[in-house]
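To keep things clear, I will list the structure first and then write my remarks on it.
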Protein chains: 2
Amino acid sequence: MSKCMALLSGLWTPELVWCLSNGPRRFSELRRDNPTITAKVLTGRLRDLEARGVLERNVLATSPPSVEYALTSLGRELLPAITSIVEVGSRLLLREASGKASEGVQPEQANMRTAPKRPSQQRTDLDAQME
Amino acid sequence: MSKCMALLSGLWTPELVWCLSNGPRRFSELRRDNPTITAKVLTGRLRDLEARGVLERNVLATSPPSVEYALTSLGRELLPAITSIVEVGSRLLLREASGKASEGVQPEQANMRTAPKRPSQQRTDLDAQME
DNA sequence: CAGTATCCTTGCGGATACTG
DNA sequence: CAGTATCCGCAAGGATACTG
């Protein structure tokens, strides 16, 4: 679970995948796309993503040498997921900007002696979706 | 971009959302679901997610008092995205387990004097999808 | 039960300088 | 151009103890 989400962990990681979403891109191009990232961090993230199989590194024999980074097919499969998170995310951020409506306070029933027991949850509906 | 992905940032955050995916759950239940999380971190993540509008905190007037956490409607919209990332993630992890096939080495053409110029990329195909 | 309060460590990311 | 090498600060998490 966390292992899988760790695919996109690390600062700048989503941006980099995003930048590669419409074609390969070189090291210096990625630097220009994200002006405030440092070379060290950029190399780090690219190496991580390469190790995880999200992108491929391709050295071109130009002079001076240039290096291209491109999403793999599995890397490309992450794009829809990213967009949907961003979609929800921006709605959430908008909600924060305009004063948070409805601080809901419903008057729960009092005086029940013990709280209800629930099973310790082995399967979730998400597990079901997975198969 | 990173702001939106930060919704699910923080260790344990995806697990917690996952645990709430099939209904509300109490503090101690969440602790049992993730045996190695500490109370401090659990409270922290829950407060974060509440502030971000992903879940709601609901104090029940039982004795002893119990607190229920439940996903909001927007929180629930994150679930499909999470599952698709996990989907790709597990395929990636499998690939690592069984020796990584095809370390592709294609013989790129040499001796071109300069590398190709590409535009500095203002819009991506993902931006197009968003509208 | 559902948390706070404190302390302490690790490591991520930024800044800066240098290289094949 | 496409990186590596160091140093540093700080915040996120873990461990542990205590509370209404």
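Throughout, a chain's letter reflects where its sequence line sits, starting with A, and its residues are numbered from 1.
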Work out which heavy atom in Leu74(B) is nearest to a heavy atom in Val88(A); give both atom names and the distance.
O-CG1, 3.6 Å
Below 3.5 Å, can you tabulate the donor-acceptor pairs from side chains in residues 5-17 of chain B to any protein atom, sequence neighbours excluded?
unit_1   : atom_1 : unit_2   : atom_2 : d
Ser9(B)  : OG     : Ala6(B)  : O      : 2.9
Thr13(B) : OG1    : Ser9(B)  : O      : 2.6
Thr13(B) : OG1    : Gly10(B) : O      : 2.9
Glu15(B) : OE1    : Ser2(A)  : OG     : 2.7
Glu15(B) : OE2    : Ser2(A)  : N      : 3.4
Glu15(B) : OE2    : Ser2(A)  : OG     : 2.8

What's the CG-C1' distance between Asn34(B) and dG14(D), to the nearest Å?
15 Å
For Ser84(B), which residues count as a side-chain contact (heavy atoms from CB on, under 4.5 Å) partner, sequence neighbours excluded?
Ala81(A)
Which whole-number value in Å describes the distance from Leu11(A) CG to dA15(C) P?
12 Å
CZ of Arg25(B) versus C1' of dC1(C): gap in Å, rounded?
15 Å
Does any pair with a residue in residues 74-83 of chain A pass salt bridge (Lys or Arg N to Asp or Glu O under 4.0 Å), and if so which ones, sequence neighbours excluded?
Glu77(A)-Arg91(B)
Looking at residues at least two apart in the chain, or sitting in another chain, which of them share a side-chain hydrogen bond (donor to acceptor under 3.5 Å, both in side chains) with Ser66(A)?
Thr62(A)
My validator wants the stems of DNA chain D: runs of 3 or more consecutive Watson-Crick or G-U pairs, both distances under 3.5 Å, written as range with range.
C:1-20 with D:1-20
Test of understanding: with side-chain hydrogen bond (donor to acceptor under 3.5 Å, both in side chains), list the residues that count as partners of Arg57(B), not counting sequence neighbours.
Tyr69(B)
Contact state string [nucleotides 2-7 of chain C, B base, S sugar-phosphate only, - no protein heavy atom under 4.0 Å]:
SBB-BB
Have a look at Gly44(B) and say if it touches a base, only the backbone sugar-phosphate, or nothing, with a 4.0 Å heavy-atom cut-off.
nothing
Please name all residues satisfying side-chain hydrogen bond (donor to acceptor under 3.5 Å, both in side chains) with Ser28(B), sequence neighbours left out, ordered by chain then number.
Arg32(B)
Among all residues two or more places apart in sequence or in another chain, which pass the side-chain hydrogen bond (donor to acceptor under 3.5 Å, both in side chains) test with Arg45(B)?
Asp48(B)
